[in-house]
Amino acid sequence: GEDVEQSLFLSVREGDSSVINCTYTDSSSTYLYWYKQEPGAGLQLLTYIFSNMDMKQDQRLTVLLNKKDKHLSLRIADTQTGDSAIYFCAESGGTGGFKTIFGAGTRLFVKA
Amino acid sequence: EADIYQTPRYLVIGTGKKITLECSQTMGHDKMYWYQQDPGMELHLIHYSYGVNSTEKGDLSSESTVSRIRTEHFPLTLESARPSHTSQYLCASSARGAVGPQHFGDGTRLSIL
């Protein structure tokens, strides 16, 4: 079946930029998403990008999509301790239809 | 802002009890989903629904059942809880028509003693 892969951990210093990477296998994906999950909570939709876009910027967040390499990244500028969380990459609209395929999540640790 | 609510937030209960986890959304979304997630781990889709009177099993086999009698309501039931059911259960919904983002509730953390 289709798959979404992410590295499990990332550690950065407060004030630095964080870059979380993701690869996916379904070339027919329509939407690609980044969700954030804080401890004990549900998933919060951070941002998403259509497959016909290369980049989307929203305040401190920049999403880059390389459709040829099936690679998605999330850059968080000026990372704060409040950004410490699990970040899930996900895709939908491909062979899974409206179902969303999630990665296993990247745990971001921000050191003060 | 997404409006999807799950109750209870936490439940600790003994083995053998019947449990219903509630999920309601006020956005008129036709598609709804239940995921099982161990703390900090990946999500597993256990049930989903296209709309009223539609329910489907997800990718992970589950002993739970669901119903969809009203658009806004998608409860999950465990007839006889076991310790192996201890986990976090997340409900989500997405809008009518084309594919798009899912909106999540805050989850129910279930502990079976």
In sequence, state the C-alpha distance, the side-chain angles, and the governing distance for A:Gln37 and B:Leu90, and then conclude on side chain to side chain contact (heavy atoms under 4.5 Å, CB included). CA-CA 12 Å; A:Gln37 186 179 35; B:Leu90 294 170; 4.1 Å; yes
Tell me, side chain or backbone of A:Tyr35 under 4.5 Å from chain B's heavy atoms, or both, or neither? side chain
Go through A:Thr100 and B:Leu43 one step at a time and tell me if the side chain to side chain contact (heavy atoms under 4.5 Å, CB included) criterion holds. CA-CA 11 Å; A:Thr100 301; B:Leu43 282 78; over 6 Å; no
Counting neighbours of CE on A:Met53 that are heavy atoms of other residues, nucleotides or ligands and sit closer than 6.0 Å, is the number greater than 12? yes
In the single-linkage hydrophobic clustering (I, L, V, M, F, W, Y; side-chain heavy atoms under 4.5 Å), do A:Phe50 and A:Trp34 co-cluster? yes
Could you look at A:Leu43 and say if it's the side chain, the backbone, both or neither that has a heavy atom under 4.5 Å from chain B? both
Is B:Pro101 in contact with chain A via its backbone, its side chain, both, or neither, using a 4.5 Å heavy-atom distance? both
When hydrophobic residues are tied together by side-chain contacts of less than 4.5 Å, even through go-betweens, does A:Phe88 share a cluster with A:Phe109? no
State plainly whether one hydrophobic cluster holds both B:Val66 and B:Ile69, where clusters connect Ile, Leu, Val, Met, Phe, Trp and Tyr through side-chain heavy atoms under 4.5 angstrom apart. no
With a 4.5 angstrom heavy-atom cut-off, could you sort out which part of B:Gln6 is near chain A: side chain, backbone, both or neither? neither
Would a single hydrophobic cluster contain both B:Leu76 and B:Tyr10, if residues Ile, Leu, Val, Met, Phe, Trp and Tyr are joined by side-chain heavy-atom contacts under 4.5 Å? no
Answer yes or no: does atom NZ of A:Lys111 have more than 12 heavy-atom neighbours from other residues, nucleotides or ligands under 6.0 Å? yes
Start with the C-alpha distance between B:Asp59 and A:Lys99, add both sets of side-chain angles, then the distance that settles side chain to side chain contact (heavy atoms under 4.5 Å, CB included), and finish with yes or no. CA-CA 11 Å; B:Asp59 305 320; A:Lys99 284 198 283 182; 3.5 Å; yes
Please say yes or no: joined through hydrophobic side-chain contacts below 4.5 Å, possibly via intermediate residues, are A:Tyr24 and A:Ile49 part of one cluster? yes
Between CD of B:Gln102 and CZ of A:Phe102, what distance do you get to the nearest 0.5 Å? 5.0 Å
Which one wins on heavy-atom pair count under 4.5 Å against chain A: B:Gln37, B:Arg109, B:Arg9? B:Gln37
